[in-house]
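Accompanying notes for the structure given below.
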Protein chains: 2
Amino acid sequence: MQFTKAEEYGVLGVIYLAEQGDNRIIPLSEVAESQGVPEKFLAKIFQNLTKASIVRSHRGIKGGFSLGKNPVKVTAREVIEAIQGPYNLIRCIGDPASCVKHPTCPVRFIIELAERSLLEVFEKYTIADLIGWKQEQLAS
Amino acid sequence: MQFTKAEEYGVLGVIYLAEQGDNRIIPLSEVAESQGVPEKFLAKIFQNLTKASIVRSHRGIKGGFSLGKNPVKVTAREVIEAIQGPYNLIRCIGDPASCVKHPTCPVRFIIELAERSLLEVFEKYTIADLIGWKQEQLAS
DNA sequence: CTCTTCTGCTTTTGTAAATTGCATGCCGAA
DNA sequence: TTCGGCATGCAATTTACAAAAGCAGAAGAG
Ligand code: SF4
Ligand code: SF4
């Protein structure tokens, strides 16, 4: 079980945008370079974020991406699920019919609990919270 | 982020052994068939479980695997970590030196929290608990 | 002995993640 | 109204790792 790079890059990107403040428009190339991630890969991620209107895209010269929502109102879960769809730690979750053992399967039982507790964590922190935490670390 | 089949099969296998009770010795072929999983794959998984002495192996005719510990004392976390090593939801956890951003990285921060809460769930349930839950479901 | 079953190691296969490429569309500036 | 910068959309590729299969060898029971 591994957190994917797409998820990591996406969250880092959104945080970077938010840090620039004032809904400034930043070209993707700058975001990619600042985070040290491949630009084309990040492009695809940001397209998903755009669809979820977490960021807003601007074409043309002086174009780029700006925030689409107030970082105080965007949870990590929203960002992550915008990138890679709803969480399913195991294939049978969300599709009970895929396995005959489903109703009494202890593995499914514990994985569902695990997933729930994972999502709770991601829901608890907003982008603003994460930036706040980072500032704290820098200050101390 | 996905729970792997190795983890799933391993937990299912241990549960199956425990359900047979009395530390009976069961050949791997039976475990594999009962769970509908490839035997050679399960073999590798059980080798790891053997090293962690969660199960005990017996060679030769009438050989197979029996439980190595009381299911009341084995948590799901122990089983899972025996199979695939310690949990690292993201590469920088467990190796802080691998990334310069590490000390102030908000992504690492939230992933560490997520991992902790995941492990708490896995630690809360023993194999016996899981079997108990299954019985309940069957009864109702 | 010999048959059965695990053991360790190697190899193959399959699939999804991660990355790259390119033609196209849009926009703002000059 | 043209031009250059930048996002878009889709396709293709590469890489990585999970999943599975194979096989010679060791160990145990009878
Ligand atoms: S065996 Fe259990 S965990 Fe695996 S797919 Fe079926 S229900 Fe889900
Ligand atoms: S950027 Fe953050 S999450 Fe990614 S590797 Fe570095 S510390 Fe870990």
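None of the values given here were measured: they were computed from a predicted structure. Order of the sequence lines fixes the chain letters, A, B, ..., with proteins taken first and strands second; residue numbering starts at 1 for each chain.
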Span of DNA chain D in contact with chain B (heavy atoms, under 4.0 Å):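 For DNA chain D, the relevant span reads D:dA19 to D:dA29.
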Side chains of A:Thr50 and A:Gln47, donor plus acceptor under 3.5 Å: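 Their side chains do not contain a donor-acceptor pair, so the 3.5 Å distance test is not met.
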Point-to-point distance, once rounded to the nearest 0.5 Å, from CD1 of B:Ile80 to CG of B:Leu119: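 So the CD1 of B:Ile80 and the CG of B:Leu119 are separated by 8.5 Å.
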Toward the 5' end of DNA chain D, by each residue's nearest nucleotide, A:Lys62 or B:Tyr9: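 So the residue in question is A:Lys62.
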Whichever of A:Lys44 and A:Gly60 has its nearest DNA chain D nucleotide further upstream toward 5':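 Nearest nucleotide further toward 5': that of A:Gly60.
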Main-chain N/O of A:Ile90 paired to A:Asn88 side chain as donor or acceptor, under 3.5 Å: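 No, the answer is negative, given that no donor and acceptor are paired below the 3.5 Å cut-off.
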How is [X] classified with respect to the nucleic acid when contacts are heavy atoms under 4.0 Å: base, sugar-phosphate, or nothing?
X	result
B:Lys5	sugar-phosphate
B:Ala43	nothing
B:Phe65	sugar-phosphate

B:Tyr87: partners by ring-ring contact (aromatic ring centres under 6.0 Å, His included), with sequence neighbours left out: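 Not a single residue meets the ring-ring contact (aromatic ring centres under 6.0 Å, His included) criterion with B:Tyr87.
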Residues [X] and [Y] bridged, charged N to O under 4.0 Å:
X	Y	value
B:Glu115	B:Arg108	no
A:Glu123	A:Arg116	no
A:Glu120	A:Arg77	no

DNA chain C: 5'-most and 3'-most nucleotides touching chain B, 4.0 angstrom heavy-atom criterion: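 So the outermost contacting nucleotides come out as C:dT4 to C:dG8.
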First of B:Arg59 and A:Ala6 reached from the 5' end of DNA chain C, by closest nucleotide: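 Between the two, 5'-proximity favours B:Arg59.
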Any side-chain heavy-atom pair of A:Thr4 and B:Met1 under 4.5 Å: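 Side chain of A:Thr4 against side chain of B:Met1, heavy atoms only: no contact under 4.5 Å found.
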